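These figures come from a predicted structure and were not determined experimentally.
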Amino acid sequence: CSSDLMTHDITEIKSLQTSLARSLREFEGLFDTCPSGICIVRNRVIERCNAHGARMLGYDVNELIGLQTRMLFPDEKAWLDAAKILYASDQVGVVPSAEVQLKRKDGSLVWMLVSSKVIDVPSKHAISCWMDIDIQHKLANELRNARAAADAANRAKSADRKSTRL
């Protein structure tokens with residue numbers, strides 16, 4: 001009877017180990033193949049980053065490990081502002097996002113949509129993901145400039161019409 005219990009316990013443990021190993025392989029697959037940047041952060045220090053995310057910022061993966069996240073922002077204020085949004089919730093599992101400028105290794109700035117899910121509030125243990133939205137920001141600026149130029153041309157045209165009537 002006790003040998004049956006021992007066999008059952010070991011079988012359950014083996015099943016759990018197999019399930020855990022499969023979950024780890026699935027996580028590794030997602031982490032390695034995701035076209036977005038992904039990093040695992042604890043106390044705002046990067047513990048792990050996927051290769052795509054490192055490339056987006058001009059780094060090698062190993063260069064990002066141990067790096068303070070502050071180094072990825074143009075200045076202290078931008079870093080603190082992002083933290084207010086990305087770490088705002090005291091609820092584990094809430095996934096806030098923000099459009100922020102991150103600083104590449106070469107010092108150039110790039111707009112990213114960053115989402116962060118806090119795993120543990122006290123240690124600021126979080127998984128952050130980002131995607132490059134720099135082109136969208138540039139196109140939006142071009143559109144604003146084109147609209148402003150068109151509005152200015154319309155105002156000038158209207159003013160010209162008024163002055164010719166007088």
Side-chain angles (χ1 to χ4, degrees), residues 8-145 147-148:
H8 176 70
D9 286 346
I10 291 172
T11 301
E12 188 175 332
I13 289 170
K14 290 293 184 185
S15 175
L16 290 172
Q17 287 174 335
T18 300
S19 178
L20 183 59
R22 182 178 51 251
S23 292
L24 181 59
R25 284 191 310 275
E26 290 170 349
F27 169 78
E28 294 289 340
L30 286 169
F31 196 80
D32 294 338
T33 61
C34 182
S36 297
I38 303 173
C39 69
I40 298 173
V41 175
R42 190 181 315 267
N43 289 319
R44 312 229 21 219
V45 173
I46 298 171
E47 290 186 345
R48 188 166 180 198
C49 183
N50 70 346
H52 190 75
R55 275 192 306 273
M56 291 168 73
L57 296 170
Y59 287 90
D60 179 68
V61 170
N62 294 327
E63 292 177 293
L64 286 174
I65 296 171
L67 190 71
Q68 288 277 338
T69 56
R70 163 62 187 92
M71 301 307 297
L72 299 178
F73 288 84
D75 55 45
E76 184 88 8
K77 182 182 181 319
W79 181 60
L80 293 172
D81 289 348
K84 286 177 189 169
I85 296 167
L86 298 173
Y87 291 99
S89 176
D90 286 343
Q91 297 176 339
V92 172
V94 174
V95 185
S97 62
E99 292 184 9
V100 299
Q101 278 192 304
L102 294 181
K103 185 172 65 173
R104 292 185 176 120
K105 183 179 177 180
D106 67 6
S108 64
L109 299 179
V110 60
W111 281 100
M112 299 280 190
L113 176 62
V114 180
S115 298
S116 193
K117 181 174 183 176
V118 176
I119 306 299
D120 179 63
V121 174
S123 69
K124 289 188 172 39
H125 182 199
I127 297 175
S128 294
C129 300
W130 61 91
M131 67 183 206
D132 187 334
I133 57 169
D134 208 47
I135 290 174
Q136 290 89 329
H137 268 263
K138 286 178 182 169
L139 291 174
N141 281 336
E142 287 177 17
L143 182 59
R144 274 191 294 279
N145 291 341
R147 283 185 181 152

[atom1]-[atom2] distance between [X] and [Y], expressed to the nearest 0.5 angstrom:
{"X": "D106", "Y": "Y59", "atom1": "CG", "atom2": "OH", "answer": "9.0 Å"}
{"X": "D32", "Y": "F27", "atom1": "CG", "atom2": "CZ", "answer": "8.5 Å"}
{"X": "W111", "Y": "N141", "atom1": "CH2", "atom2": "CG", "answer": "9.0 Å"}
{"X": "I46", "Y": "I40", "atom1": "CD1", "atom2": "CD1", "answer": "11.0 Å"}
{"X": "R44", "Y": "S128", "atom1": "CZ", "atom2": "OG", "answer": "9.0 Å"}
{"X": "N62", "Y": "L67", "atom1": "CG", "atom2": "CG", "answer": "12.5 Å"}

* Asked: Backbone N or O of S15 within a donor-acceptor pair of the S19 side chain at under 3.5 Å?
  ->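 A pair under 3.5 Å: no.
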* Asked: Is there a donor-acceptor pair under 3.5 Å between the side chain of N50 and the backbone N or O of I38?
  ->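 Yes; at least one donor-acceptor contact below 3.5 Å.
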On a heavy-atom basis, which atom in [X] and which in [Y] lie closest, and how many Å separate them?
{"X": "S97", "Y": "S115", "result": "CB-OG, 3.2 Å"}
{"X": "L86", "Y": "A98", "result": "CD2-N, 4.2 Å"}
{"X": "W130", "Y": "M56", "result": "CD1-CE, 3.8 Å"}

Side-chain heavy atoms of [X] within contact of [Y], under 4.5 Å:
{"X": "L64", "Y": "L72", "answer": "yes"}
{"X": "V114", "Y": "I85", "answer": "no"}
{"X": "Q101", "Y": "D134", "answer": "no"}
{"X": "D81", "Y": "K77", "answer": "yes"}
{"X": "L20", "Y": "L24", "answer": "no"}
{"X": "L113", "Y": "Q136", "answer": "no"}

* Residue list, salt bridge (charged side-chain N to carboxylate O under 4.0 Å, His left out) with R42, at least two apart or on another chain ->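 With neighbours one apart ignored, the set is E47.
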* Does atom CG of L16 have more than 12 heavy-atom neighbours from other groups under 6.0 Å away? ->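 Atom CG in L16 is packed in, count exceeds 12.
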* Which is it for M112 and L57 under the side chain to side chain contact (heavy atoms under 4.5 Å, CB included) test, yes or no, and what are the steps along the way? -> CA-CA 10 Å; M112 299 280 190; L57 296 170; 4.0 Å; yes
* Check step by step if side chain to side chain contact (heavy atoms under 4.5 Å, CB included) holds for V61 and R48. => CA-CA 8 Å; V61 170; R48 188 166 180 198; over 6 Å; no
